[in-house]
Amino acid sequence: VDERAAMLRAIRLAWNGWARVGSNPLVGAVVLRDGAVVGEGFHAEFGGPHGEVVALAAAGERARGADLVVTLEPCRHYGKTPPCTEAILRAGIRRVVFGAHDVDPEALGGAEVLRRGGIAVEHGVLAEEVRRQNAVFFNRHSHRGRPFVALKLALSLDARIADQDGRSRWVSGEEAREFVQWLRAGYEAIGVAAGTARADDPALTVRGPLRPHRPPLRVLFDRRAEVPATARLIATARETPTVVVLGHEAAAAARAAVTAAGAEIVVAEDLAGALAALHERGIASLLVEGGGILAGRLLAAGLVDRLYVIVAPLLLGAGGVPAFGELPGAALSSAPRWRVSERRVLGDDQLLVLEGT
Ligand SMILES: NC(=O)c1ccc[n+]([C@@H]2O[C@H](COP(=O)([O-])OP(=O)(O)OC[C@H]3O[C@@H](n4cnc5c(N)ncnc54)[C@H](OP(=O)(O)O)[C@@H]3O)[C@@H](O)[C@H]2O)c1
């Protein structure tokens, strides 16, 4: 096993913490001795041991004189657990290779501590992959003032998200829907706009086998208060919290009914304002699940960081709901191209994960 293969393994291990690590980063680690893996681990639970510590414990005495390959720079601070740098020094690791530098102001600087302790330190192996895996964590410690925004849509071959009658259940197959349950569990908030709430009356809850550290907040973009308080998102707000984003005028009219149902109100006139308000409320990541008008407007405003596009093998033709409604036209020569970071087969459907630039 070479370093790059070990880092790929560490990244893969880190995904096991998805939805469970809360505001912490996903971290995986592998202990390498003479090219063989002698221990591995990942950060599994918010408040639980970090990936490095788990991998070192698994390696035991074999860690002495070995290399540690870890996705993120080891932390140097006392948080919920003692610093990883101490555990690494104590274990007698010879060399540490990490992917990306930490950006948490309390935790970063571990590389320097290790060097001072006499350990050889290198970084940058698959760093971009590690940053992508932890895009929410990196966004949290940036100063963008808005959540990391991902857009997920299931579309037909002709980019429709519902048929001519507005029906969208189901465009994609079972495997894709299981993937969406897994995906939801790892986001802090899940949002839809009024059109979707009225057409589908979705619950937007996490119903798959993966239980999130904290259930995602539900967000309804309903500028003009078109959605009745009997809609599932509002009516069940006492069981699963919901924020309703309303414009000023609508907020004045609908406040009583929305708050009586137990939902929270955020007042914002536009999407940038809504995202800023969600950020203020402590939301670091938002998965938007439609519909097409909201999707098009978010894209037009440059407010989408990642796309999860699920393409299903059917055509819905004229009258079907466009996946990116109202998106202004762009010239071929200047339309920004998204970077494909993943392709996956989900039954008969195809998942594309795309990163904005
Ligand atoms: N296949 C899929 O993945 C999928 C996912 C979701 C929905 N769907 C389908 O898509 C259809 C609904 O999509 P759609 O494109 O018609 O509507 P939509 O995007 O769900 O909702 C658009 C509506 O929301 C209102 N809205 C309120 N606040 C908004 C805000 N801040 N930003 C943007 N819009 C806001 C808009 O009103 P104003 O114009 O007044 O702002 C507009 O009337 C349904 O048929 C549903 O079944 C499919």
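In each ligand, atom 1 is the first atom listed, and ligand 1 is the first ligand listed.
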Is there a side-chain contact between Glu289 and Thr196 (heavy atoms, below 4.5 Å)? no

Any idea which protein heavy atom is nearest atom 26 (N) of ligand 1, and the distance to it? Phe221 O, 3.7 Å

min-distance protein heavy atom vs atom 28 (N) of ligand 1 -> Arg223 N, 2.9 Å

Could Glu175 and Arg177 be called an ion pair, given the rule that one side-chain N must be under 4.0 Å from one carboxylate O? no

Quick note on ligand 1: atoms under 4.0 Å from a heavy atom of Ala162 include exactly 9 (C), 45 (O)

What's the shortest heavy-atom distance between Val121 and Ala111, and which atoms? CG2-O, 3.9 Å

Contact check, side chains of Ser341 and Val353, non-hydrogen atoms, under 4.5 Å: yes

Atom indices of ligand 1, in the order listed, that fall short of 4.0 Å to a heavy atom of Asp222: 27 (C), 28 (N)

Would you say Tyr308 and Glu342 are linked by a side-chain donor-acceptor pair, where the criterion is simply a distance under 3.5 Å? no

Could you tell me which atoms of ligand 1, counted from 1 in the order shown, lie closer than 4.0 angstrom to a heavy atom of Arg224? 37 (O), 38 (P), 40 (O), 43 (O)

Asn16 side chain to Leu13 backbone, donor-acceptor under 3.5 Å: yes

Verify, without hydrogens or angle tests, whether Arg95 (side chain) and Leu68 (backbone) share a donor-acceptor contact under 3.5 angstrom. no

protein heavy-atom neighbour closest to atom 48 (C) of ligand 1 works out as Ile161 O, 3.1 Å

Report yes if the side chains of Ile119 and Leu89 come closer than 4.5 Å at any heavy-atom pair, otherwise no. yes

Does His43 reach the main-chain N or O of Pro49 with its side chain, forming a donor-acceptor pair under 3.5 Å? yes

Among all protein non-hydrogen atoms, which one is nearest to atom 43 (O) of ligand 1, and what is the separation to 0.1 Å? Glu226 OE2, 3.6 Å

Could you check which of Leu151, Asp200, Leu275 puts a non-hydrogen atom nearest to atom 47 (O) of ligand 1? Asp200

Leu153 N/O under 3.5 Å from ligand 1 N/O: no

Contact check: Ile293 vs ligand 1, nitrogen or oxygen atoms, below 3.5 angstrom: yes

Pull out every atom of ligand 1 sitting under 4.0 Å from any heavy atom of Gly291, numbered as shown with elements. 6 (C), 7 (C), 13 (O), 15 (O), 18 (P), 19 (O), 20 (O)

Which atom names give the shortest non-hydrogen contact between Ala295 and Leu153, and what distance separates them? CB-CD1, 3.9 Å

So which bit of Ala154 gets within less than 4.0 Å of ligand 1, heavy atoms only: side chain, backbone, both or neither? both

Indicate yes or no for a side-chain donor-acceptor contact from Thr242 to the backbone of Leu233 under 3.5 Å, with no hydrogens or angles considered. yes

Parallel, tilted or perpendicular: which fits the ring planes of Tyr187 and Trp18, with parallel below 30° and perpendicular above 60°? perpendicular

Option set Arg297, Arg169, Arg198, criterion heavy-atom distance to atom 34 (N) of ligand 1, minimum: Arg297

Run the numbers for me: atoms of ligand 1, each under 4.0 Å from some heavy atom of Glu289, listed by number. 5 (C), 6 (C)

In ligand 1, the atoms that come under 4.0 Å of a heavy atom of Gly166 are 44 (C), 45 (O), 47 (O)

May I ask you to identify, for Ala194, whether its side chain, its backbone, both or neither come under 4.0 Å of ligand 1 on a heavy-atom basis? both

When you compare ligand 1 with Ser168, is there at least one nitrogen or oxygen pair between them that comes in under 3.5 angstrom? yes

Do Val171 and ligand 1 have an N or O pair less than 3.5 Å apart? no

Side-chain donor/acceptor of Glu73 to backbone N/O of Gly110, under 3.5 Å: yes

So, regarding Gly195 and ligand 1 (criterion: nitrogen or oxygen to nitrogen or oxygen, under 3.5 Å), is there a contact or not? yes

Nearest non-hydrogen contact to atom 44 (C) of ligand 1 from the set Ala301, Ala199, Ser156, Gly325 belongs to Ala199

As a quick check of understanding, evaluate side-chain contact (heavy atoms from CB on, under 4.5 Å) for Phe46 and Arg214, giving each step before the final call. CA-CA 10 Å; Phe46 182 73; Arg214 189 177 294 150; over 6 Å; no

In this structure, does ligand 1 have an atom that sits under 4.0 Å from one of the heavy atoms of Leu271? yes

Going by the order shown, which atoms of ligand 1 are within less than 4.0 Å of some heavy atom of Leu294? 19 (O), 32 (N), 33 (C)

Have a look at ligand 1 and work out which part of Asp270, if any, has a heavy atom under 4.0 Å from it: side chain, backbone, both or neither. neither

Report, in ascending order of atom number, the atoms of ligand 1 lying under 4.0 Å from any heavy atom of Gly292. 13 (O), 14 (P), 15 (O), 19 (O)

Is there any N or O on Ala295 that sits under 3.5 Å from an N or O of ligand 1? no

